[in-house]
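Before any comments, here is the structure.
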Amino acid sequence: MAAVEVRGLTKTFGRVTAVRDVSFTAPAGKVTGFLGPNGSGKTTTLRVLLGLVRPSAGEALIGGVPYGRLVRPRYRVGALLEATGFHPGRRARDHLRVLAVAGGMPDRRVDEVLGQVDLATVASRRVREFSLGMRQRLGLAAALLGDPEVLLLDEPANGLDPAGAAWLRGLLRSLASEGRTVVVASHVLSEVAQTVDHVVIVSAGQLRFAGPLGEIGETNTALESAFLKLTAIPG
Amino acid sequence: MVPMIRSEFRKLSTVRSPWLLLAAGPLIVVAGVTGLVESGANVHNPAVQNTALAHVGLAALLTLIFGIIAVAGEYRHGTITDTYLSFPGRGRVVAAKLAVYALVGAAAGLICTLVALAVTAAWWAAKGGTFHLSAGDTWRTLAGGVAANLAFAAIGVGVGALIRNLVGAVAAALAWIALVEGIVGQLLGSGLARWLPFYASEALDRASLTGTTRLLPQWGGGLVLLGYAAAFAAAAVLSTLKRDVT
């Protein structure tokens, strides 16, 4: 199983430095919480890992190679970025069928993942009729389609109700227990404390902490105070 | 390349908007031919028969927008992210879209051609004229109309990949055709204007809607349009390779 590695990553957009010299490893078989306030560079880092954004310096590797060099990438990496990557007029099942044919997966997988995220009964509805939580589930279904060994999820609990959030925690735990590498970017600390083994904290584009959760506090309050201290911007 | 092409067809077959757009083509043809006849066209003149059939080329305006949707539409809805995750080789994604959209554009032109033949034949019969498929190189006008539909779909893919903003790309394309090219054409004079895309498509259709007499030969108009399609596609691929998808 492949680990996710970020080494000396820097990304500038014009005069703005979104990520500055960030390095960390997300080990296989663990859920890694990728934490930081809004605008701290989490999404940019994930997009570099996925080959969508070019690094200004450093590298981001999956199983030792950049995303663009993976063979059949959809079987290796599943990604959930934002809940906006849908054509509103396309039916949920068709959205997944498009991805299945692109990724070389059999159409049978479409119904399997629809069942896995509990959307089977609404799969023939057009996405414009979906709530944010349903879109989030559809995005997760897309990420799971290739049964990948690495999952990169940006704010996956966004829009999920409490039952959905609990379901997601169970899903992430079971994916990691199968030996997969799961990276969850989030700014919702309470979500993460109950789910992750490993924590990477960034703030203002810089790494503040990377290591096992136990090193900064298992309880919500301990984690929150550590998070606030680590992400505080001096001055 | 095969999964890319298959996924492009599947994308197209699972939404309605592109088909509604293309369905307007036959309507334009019916309205155009009917308007021509009702305004007193001489149905005994084989040249007028060609003018009627040249309306197929007008439907290329729709395949142009159809092509723009191919890439700019994916940016609008954010589905481009998934497309590039499936196929990190972005240049080949643009190439697959060019192939698929040009093919569908040509098919749309072919349907418009059949509709144009039927409507023209019907009006000619109603007005007592004689409609001859063999007269006045009719088939060349029809082939030119289909080629124009194909070429403008390909140009649209390039424009959409270059501009990426759907509304901006469609507005720019329509403004060029309705306004800018006419003005530029007058500034350049007819000797140079005939190399502009819309003038070239008139040469391809073998019918002048702008009233200019100095058009390229039909094959020349076709080559010029292909050149525009290739230039836009090359620029689109180059810019697509470099840009971040945020």
Side-chain angles (χ1 to χ4, degrees), chain A residues 11-13 18 43-44 46-56 66-105 107 126-128 135 139 142-143 145-146 148 152 154, chain B residues 1-23 66 68-97 99-100 160 164-166 237-246:
Chain A
K11 177 63 190 180
T12 54
F13 295 103
T43 300
T44 300
L46 291 183
R47 284 192 171 263
V48 174
L49 271 166
L50 292 165
L52 297 168
V53 168
R54 287 176 160 219
S56 306
Y67 187 90
R69 299 234 322 266
L70 292 172
V71 179
R72 305 237 271 176
R74 290 293 202 171
Y75 277 101
R76 306 290 306 281
V77 183
L80 171 72
L81 287 170
E82 69 275 64
T84 55
F86 308 104
H87 190 295
R90 192 172 279 133
R91 298 175 198 280
R93 176 179 285 110
D94 287 338
H95 175 77
L96 297 175
R97 286 177 63 243
V98 167
L99 296 179
V101 75
M105 282 80 94
D107 279 353
R126 297 184 196 278
V127 176
R128 74 163 62 86
R135 283 170 206 230
L145 202 54
L152 302 177
D154 196 1
Chain B
M1 207 67 188
V2 173
M4 267 182 227
I5 288 173
R6 284 188 64 203
S7 78
E8 287 305 323
F9 274 118
R10 203 171 260 190
K11 277 179 210 167
L12 270 176
S13 67
T14 51
V15 289
R16 290 178 294 195
S17 38
W19 304 109
L20 292 173
L21 177 72
L22 291 179
F66 173 69
I68 288 173
I69 293 173
V71 185
E74 286 227 53
Y75 276 95
R76 178 184 168 90
H77 298 302
T79 51
I80 194 72
T81 298
D82 265 322
T83 300
Y84 288 152
L85 288 182
S86 298
F87 306 113
R90 298 184 194 170
R92 294 170 68 205
V93 171
V94 176
K97 283 181 184 285
V100 168
R164 303 206 296 187
N165 177 307
L166 182 61
V237 167
L238 287 177
S239 75
T240 304
L241 291 179
K242 281 193 211 143
R243 283 192 250 190
D244 289 334
V245 182
T246 50

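Chain letters run A, B, ... following the sequence lines, proteins first and then strands; every chain starts at 1.
In terms of heavy-atom proximity, A:Asp107 sits nearest to B:Arg10 at OD1-NH1, 3.1 Å. When every heavy atom of B:Val15 is checked against every heavy atom of A:Gly89, the shortest pair comes out as CG1-C, 4.3 Å. Minimum heavy-atom separation, B:Ser17 to A:His87: OG-NE2, 4.0 Å. For A:Gly85 against B:Asp82, the heavy-atom pair with the smallest separation is O-OD2, 4.2 Å. For the residue pair A:Arg90 and B:Thr14, the shortest heavy atom distance occurs at NE-OG1, 2.7 Å.
Heavy atoms closer than 4.5 Å to chain B are found nowhere in A:Arg69, neither backbone nor side chain. Residue contact with chain A, scored on non-hydrogen atoms closer than 4.5 Å, involves the side chain of B:Pro88 exclusively. Contact annotation for A:Ala102: both backbone and side-chain heavy atoms come within less than 4.5 Å of a heavy atom of chain B.
For B:Arg6, the CZ atom is loosely surrounded, since the number of other residues' heavy atoms within 6.0 Å does not exceed 12.
When the candidates B:Arg90, B:Glu74, B:Met4, B:Arg243 are compared by the number of heavy-atom contacts under 4.5 Å with chain A, B:Arg90 comes out ahead. Counting heavy-atom pairs closer than 4.5 Å to chain B, the top residue among A:Arg74, A:Arg54, A:Arg126 is A:Arg74. The choice from B:Arg76, B:Arg16, B:His77 that makes the most heavy-atom pairs within less than 4.5 Å of chain A is B:His77.
Looking only at distances, a side-chain donor or acceptor of A:Tyr67 sits under 3.5 Å from a matching main-chain atom of B:Leu85.
Atom NZ in B:Lys11 sits 10.5 Å away from atom NE2 in A:His95 (nearest 0.5 Å).
Here B:Asp244 does not pair with A:Arg47 in a salt bridge; the nearest charged N to carboxylate O distance is not below 4.0 Å.
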